[in-house]
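Okay, structure first, notes after.
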Amino acid sequence: MIIKSQVATYIFCMVLVISLLCGQSYQAHAQRIKELFGKEMPTYTRIPDQEFIENSFLQNEMPFGDKSLAYKIRLPKDWSAPDDRVLSNYNLSAHLLGDIAVYYSPPRLESLRSKFQLQALKLEFEVTAEQWLLQYVLSNGFTLEGLKFHDRDKVEALHVDLREGETFVTRTIAQINGKRMILAQYIIPAQSWQNEAPIVAQSLETFELISPEDAVIENLNDHMFLDIAKFSYPESWGIVTKPVRSVDRMEAMINNVRAGDAQILDGQITVNLTSAFVMKSLEDEIEDLKLVFRKKGLVIGDMIETQEDLDFHKQIEFGFIDVYDGNDTQNKSLKYEVWIGVVAMDNYYGFISMLTPSRDEDFFTWSRNTTSYYTILKNLTLQDRAFSLEQ
């Protein structure tokens, strides 16, 4: 049972953190994902470059002789690694972050020591750094206070968390290198954050992975629509096809089935290739796709967003994605998203639809499903020997 003094201490720490970050906070698991993506990173007054260099040292290291873990960073001058550090049992895991390096500030009387740590995780599925980091924040119940997107493989975040009764402010860089997620973090007691925030921000600007790798995290399988078109999909997904009775309309379904005996379906993507010469209007074709979802017991609700600025193959003349809310008619508490994408290429239209748990319901599964969806969309192409009805 929590006694009154503990409650008072917790409230004091949370109020302190809120004042330091100059913004109202609330628990990360209660924050809508769309709001998390829009969180801007707080800015701080820069330390003059010469002063920063004089008060820091360059750490350049290749942990465990592994090139993919090699990094460099300028750390605060009086920070050091503990003499009794034991990292010799490092084991790259797909489920737990493994420690690569750790450095501490000098001991203090008024609060716990600050810490810089470097960790790594083996990735199993294609995902962006931003998606992975938001899932990390959500699953740990942290409060996100800022997010800075660098590129698909690198993102920076600021969050608040409670550990063993103490409140910490953590600034993080999550960066994908090959098949690994590298996590560089400053973990600062709330009482010390105001003083350390500028040098922490500037220090992370110097963080660099020395040997960047460009590797496919998950292998792709190809599916052919006769010799007309093909697309690629992650090998962990299962494919179900229908017999091709006409080159005017062809369909393939790709399922994300959870590992285990229960065979739970975590996501489903359907690719329809339709000849422009037999197609109804674009609006009618989309309504037919919606009807398929309705027959499965799904109510399609409001549109969440439309995406048009997408990374298509050069054959694609135009394309877009409409994203809708979805609800199960049998269980209204289950929240889904319905994605309907359309691409035009020569004499065919591609309709790529997806059913996935909503981003607010299961962000990890949503991230995996949407990344696979974009992979399929990007790789849908006509073949050189593509059939043409004009011939």
Side-chain angles (χ1 to χ4, degrees), residues 28 33 36-37 39 41 59 61-73 87 89-103 115-142 144 146-159 161 163 168 170-187 200 203-220 234-236 256 259 266 359 362-375:
I33 296 299
L36 294 181
F37 275 103
K39 282 277 188 177
M41 183 70 76
Q59 179 64 19
E61 188 179 15
M62 186 189 297
F64 314 108
D66 188 336
K67 286 179 61 177
S68 68
L69 302 178
Y71 71 96
K72 61 181 179 180
I73 187 173
L87 297 176
N89 293 325
Y90 169 76
N91 182 29
L92 190 64
S93 166
H95 306 287
L96 297 174
L97 285 162
D99 289 333
I100 298 172
V102 60
Y103 294 85
K115 179 171 73 170
F116 171 79
Q117 67 181 20
L118 200 64
Q119 297 178 301
L121 181 86
K122 181 171 65 176
L123 294 172
E124 295 180 295
F125 310 114
E126 291 289 342
V127 69
T128 68
E130 186 176 44
Q131 290 173 337
W132 185 93
L133 186 57
L134 285 177
Q135 170 62 22
Y136 170 77
V137 167
L138 289 166
S139 62
N140 285 284
F142 300 153
L144 186 71
L147 194 68
K148 181 180 179 180
F149 179 83
H150 291 271
D151 56 45
R152 185 186 185 281
D153 292 334
K154 183 179 178 181
V155 68
E156 194 168 350
L158 184 71
H159 62 78
D161 58 277
R163 308 182 187 198
F168 291 86
T170 301
R171 185 151 183 161
T172 301
I173 284 180
Q175 186 169 354
I176 296 173
N177 195 30
K179 296 187 177 185
R180 299 180 176 186
M181 175 61 71
I182 309 295
L183 205 63
Q185 292 187 309
Y186 271 99
I187 303 170
V200 164
S203 173
L204 282 178
E205 286 180 10
T206 70
F207 176 74
E208 182 182 344
L209 294 175
I210 298 172
S211 301
E213 295 181 10
D214 186 15
V216 175
I217 296 170
E218 185 176 0
N219 293 329
L220 300 178
E235 66 178 0
S236 61
N256 175 10
D266 279 336
R359 63 197 79 186
D362 185 345
F363 185 69
F364 175 78
T365 301
W366 178 88
S367 297
R368 181 184 172 193
N369 289 343
T370 54
T371 302
S372 298
Y373 181 90
Y374 288 128
T375 297

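All residue numbers in this chain count up from 1 along the given sequence. Note that the structure is predicted; figures quoted are calculated from it, not measured.
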> Step by step, would you call Ile173 with Ile182 a side chain to side chain contact (heavy atoms under 4.5 Å, CB included)?
Replying inline: CA-CA 8 Å; Ile173 284 180; Ile182 309 295; over 6 Å; no
> Between Lys154 and Ala129, which heavy-atom pair has the shortest distance, and what is it?
Replying inline: N-CB, 3.6 Å
>> Has Asn219 got a side-chain atom pairing as donor or acceptor with Glu235's backbone, closer than 3.5 angstrom?
In response: no
> What are the two closest non-hydrogen atoms of Ile217 and Gly178, and how far apart are they?
Replying inline: CG1-O, 3.8 Å
> Ignoring hydrogens and geometry, is there a side-chain-to-backbone donor-acceptor pair from Gln175 to Leu209 under 3.5 Å?
Replying inline: no
> Going by the angle between their ring planes, with limits at 30° and 60°, are Phe116 and Tyr103 parallel, tilted or perpendicular?
Replying inline: tilted
> Distance only, no hydrogens: is a donor on one side chain within 3.5 Å (strictly under) of an acceptor on the other, for Asp161 and Asn140?
Replying inline: no
>> Looking at every heavy atom in both Arg152 and Thr371, which two are closest together, and how far apart are they?
In response: NH2-CG2, 3.9 Å
> Can you find a side-chain donor-acceptor pair between Thr370 and Arg359 that sits under 3.5 Å?
Replying inline: no
> OG/Ser236 to CZ/Phe125 distance, rounded to the nearest 0.5 angstrom?
Replying inline: 5.0 Å
>> Could you measure the distance from the CG atom of Asp266 to the CZ atom of Phe364? Nearest 0.5 Å is fine.
In response: 9.5 Å
>> Under the rule for salt bridge (charged side-chain N to carboxylate O under 4.0 Å, His left out), what residues qualify as partners of Arg171, not counting sequence neighbours?
In response: Glu156
> How long is the gap from CD1 on Ile73 to CG on Leu204, to the nearest 0.5 Å?
Replying inline: 5.0 Å
>> Applying side-chain hydrogen bond (donor to acceptor under 3.5 Å, both in side chains) as the test, list every pair that has at least one member in residues 204-214; sequence neighbours left out.
In response: Arg46-Glu205
>> Restricting to non-hydrogen atoms, name the atom on Ile187 and the atom on Phe168 that form the minimum distance, rounded to 0.1 Å.
In response: CG2-CD2, 3.7 Å
> Which distance, rounded to the nearest 0.5 Å, do you find between the CD of Glu61 and the CD1 of Ile210?
Replying inline: 9.5 Å
>> To the closest 0.5 Å, what do you measure between CG (Leu147) and CG (Leu158)?
In response: 10.0 Å
> At their closest point, which heavy atom of Thr170 faces which heavy atom of Arg163, and how far apart are they?
Replying inline: OG1-NH2, 3.8 Å
> Is there a side-chain hydrogen bond (donor to acceptor under 3.5 Å, both in side chains) between Ser367 and Gln135 once you walk through the steps?
Replying inline: CA-CA 9 Å; Ser367 297; Gln135 170 62 22; 6.0 Å; no
> Between Thr375 and Glu126, do the side chains contain an N or O donor and an N or O acceptor separated by less than 3.5 Å?
Replying inline: no
> Considering only heavy atoms from C-beta outward, does the side chain of Ser139 approach that of Phe363 to under 4.5 Å?
Replying inline: no
>> Run the side chain to side chain contact (heavy atoms under 4.5 Å, CB included) test on Arg368 and Glu124 for me, step by step, so that the C-alpha distance in whole Å, both residues' side-chain angles and the decisive distance to 0.1 Å come before the verdict.
In response: CA-CA 10 Å; Arg368 181 184 172 193; Glu124 295 180 295; over 6 Å; no
> So how far is it from Trp132 CH2 to Leu134 CG, rounded to the nearest 0.5 Å?
Replying inline: 10.5 Å
> Which heavy atom of Ser68 sits nearest a heavy atom of Asn177, and at what distance?
Replying inline: O-ND2, 2.9 Å
>> Using side-chain heavy atoms (C-beta onward) and a distance below 4.5 Å, is Gln59 in contact with Leu118?
In response: no
